[in-house]
2 protein chains.
Amino acid sequence: MRAGNPGADGYTSIPAAAVARLPVYRRVLLELLSTRTTTVSSTRLAALAGVNAAKVRKDLSYLGSFGIRGVGYNVEHLLYEVSRELGLTHDWPVCIAGLGNLGSALANYGGFEERGYPVRALVDADPAKVGREVAGVPVRHVEALDEIVAESGIAIGIVATPAGAAQDVVDRMVAAGIGSILNFAPVVVNTADGVSVRNVDLAVELQVLSFYQRRHVPGGPADLLPGLSPGRVARTG
Amino acid sequence: MRAGNPGADGYTSIPAAAVARLPVYRRVLLELLSTRTTTVSSTRLAALAGVNAAKVRKDLSYLGSFGIRGVGYNVEHLLYEVSRELGLTHDWPVCIAGLGNLGSALANYGGFEERGYPVRALVDADPAKVGREVAGVPVRHVEALDEIVAESGIAIGIVATPAGAAQDVVDRMVAAGIGSILNFAPVVVNTADGVSVRNVDLAVELQVLSFYQRRHVPGGPADLLPGLSPGRVARTG
DNA sequence: CTCTGTGAATGTATTCACAGCT
DNA sequence: AGCTGTGAATACATTCACAGAG
């Protein structure tokens, strides 16, 4: 039986908190697969993912019943199911906007390509940057986003511009048909319904840490290891 | 009256979800201050922070009663109170470990210094990198972490190493007295009690986005998943 | 009348604990 | 026996809705 809340369109949906953990389980499963481990229990998977066993079982139960009682989960099969649920059965080409320090680093960061998110396009508003290449990909002008998205089948945009330019870039991305945006600019961007935005503000993360740092100083233990942020999926609609 | 749950040590504590939003409010308040706005209502603050007004009021009520009924909040005062609660009345020097693409970009990223987190030390395990300078800060060997932390008063560590090196670096950081860690390595790291860890895995963010993207595009294609056999597809429900 | 602050109500998420399969 | 899958219980978070201050 599949639990979950009915989505807007009547489909059963997986709780957001569980969705945010699936990529972590997937990462662990890939690691296990690479060490030729064939079976894993919820307890072991939990330890490797930094959560508890009951949560693992509940999360996985949203995808179906793939475990074997008394034994555990088949690593390869579970990996397939988690990947499928996350839509990772094919690559998702991405476009990075803004090629300052962070944008350039992201473009050069091999981890994206390796995990199924090839960087297929780069855009910037600065004419001095347009025409150059970063990580082997030419930088094009942000005004060409419509054509770029159409010709490359890009579905995810990464915003690494200064705060002041972010809303404009996001508007262009959405107009071009991009439905998911990862925003590194330190500003809240507004989008039309149906567009998912995830914000990663590095300074925000540090500020949360300094809050908890203060609490530790008197020597008080029992910190609820913040771990993965609960999910800042601002899904408009 | 101060709400909140009693913490482990008997102190009233602010819910984790509220703590995670305080930095966003702070960012908005700084922006308002720079435009010489003196007063802000929960409704306006909510719009700028991308949440709803009731949440803003509830969150702020954990810090105390700083609003004026019928008017709103004094921007400058509220900014002070939020900053104080986050422990941002002084700078928090940070150390970045791992100077590959990401680590170097973070070191060069001006946003940290600007927001009260000056990058005071850089460490790497690669002798070829030790001795070089990045963003005007010399790269030192990771084995020198003890001295570095002691002499610079560093309380926060940023891990930008490959996954395989992360646990070792974290252990060294904790041993050196660092109590808060921002981990960019795609792996769950274990620490002693009392150490806060926040994970930022860029690939995880993208994977969450692709999950939601799929929901928007009915009839998504199911292509190859390298090295994985489909197994049986048993989607219950 | 406007807008805060907050109890009460509702909605989500986590954890417990155990039935049921291997 | 060992381990999953899942209702029930608990804990946490959000939203409602309104009393009360200005």
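Remember, predicted model here, so these are calculated numbers, not experimental data. Residue numbers start from 1 in every chain, and the chains themselves are labelled A, B, ... in the order their sequence lines are given, proteins ahead of strands.
Between the CG atom of A:L63 and the C1' atom of D:dT4 there is a distance of 14 Å, rounded to whole Å. Following rounding to the nearest Å, A:R57 (CZ) and C:dC18 (C1') show an atom-to-atom distance of 11 Å. One atom, CG of B:L45, and another, C1' of C:dT4, lie 13 Å apart when rounded to the nearest Å. Rounded to whole angstrom, the span from the NZ atom of A:K55 across to the P atom of D:dT4 amounts to 17 Å. What separates CG of B:L78 from P of C:dG5 is a distance of 9 Å, to the nearest Å. Whole-Å rounding puts the B:I14 CD1 to C:dT6 P distance at 14 Å. Remark: C1' of C:dT4 and CZ of B:R44 are 18 Å apart, rounded to the nearest angstrom. The nearest whole Å value for the distance from the CZ atom in A:F66 to the P atom in C:dT22 is 16 Å.
If you check distances only, the side chain of A:R69 does reach the base of D:dT4 with a donor-acceptor pair under 3.5 Å.
Comparing A:G70 and A:A54, the nucleotide of DNA chain D nearest to each residue sits closer to the 5' end for A:G70. Mapping A:I68 and B:S41 onto DNA chain C by nearest heavy atom places B:S41 at the nucleotide closer to the 5' end.
The aromatic rings of A:Y80 and A:H77 sit parallel, their planes meeting at an angle under 30°, below the 60° perpendicular limit.
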Listing time: all N or O pairs from protein to nucleotides 8-11 of chain D that are below 3.5 Å?
none

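OP1 or OP2 of C:dT4 has at least one side-chain nitrogen or oxygen of B:S42 nearer than 4.0 Å. One finds a side-chain N or O of A:Y73 lying less than 4.0 angstrom from the OP1 or OP2 phosphate oxygen of D:dG5.
Closest approach of B:S196 and A:Y212 over heavy atoms only: OG-CB, 3.5 Å.
Using a 4.5 Å heavy-atom cutoff, the side chains of A:I158 and A:F112 are in contact. By the 4.5 Å heavy-atom criterion applied to side chains, B:V40 and B:L29 are counted as neighbours. Looking at B:L88 and B:R26, their side chains come closer than 4.5 Å, going by heavy atoms from C-beta outward. Residues B:Q207 and A:L22 have side chains not in contact (no heavy-atom distance under 4.5 Å, counting atoms from C-beta outward). Within the 4.5 Å cutoff, the side chain of A:D91 has no heavy atoms near those of the A:Y117 side chain.
When each of D:dT6, C:dG5, D:dT15 is scored by its nearest atom to the side-chain atoms of B:N52, the top-ranked nucleotide is D:dT15.
Using modelled atom types and a 3.5 Å distance limit, the side chains of A:T89 and A:R84 yield no donor-acceptor pair.
Distance check: B:E114 CD to B:L30 CG gives 9.5 Å after rounding to the nearest 0.5 Å.
Comparing the axis of the opening five pairs of the helix from C:dC1-D:dG22 to C:dT22-D:dA1 with that of the closing five pairs yields an angle of 0°, rounded to 10°.
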What's the verdict on salt bridge (Lys or Arg N to Asp or Glu O under 4.0 Å) for A:K55 and A:D59, showing C-alpha distance, side-chain angles and the deciding distance?
-> CA-CA 6 Å; A:K55 201 181 277 178; A:D59 286 347; over 6 Å; no
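Nucleic acid contact for B:R21: sugar-phosphate only, since backbone atoms but no base atoms lie under 4.0 Å from a heavy atom of the residue.
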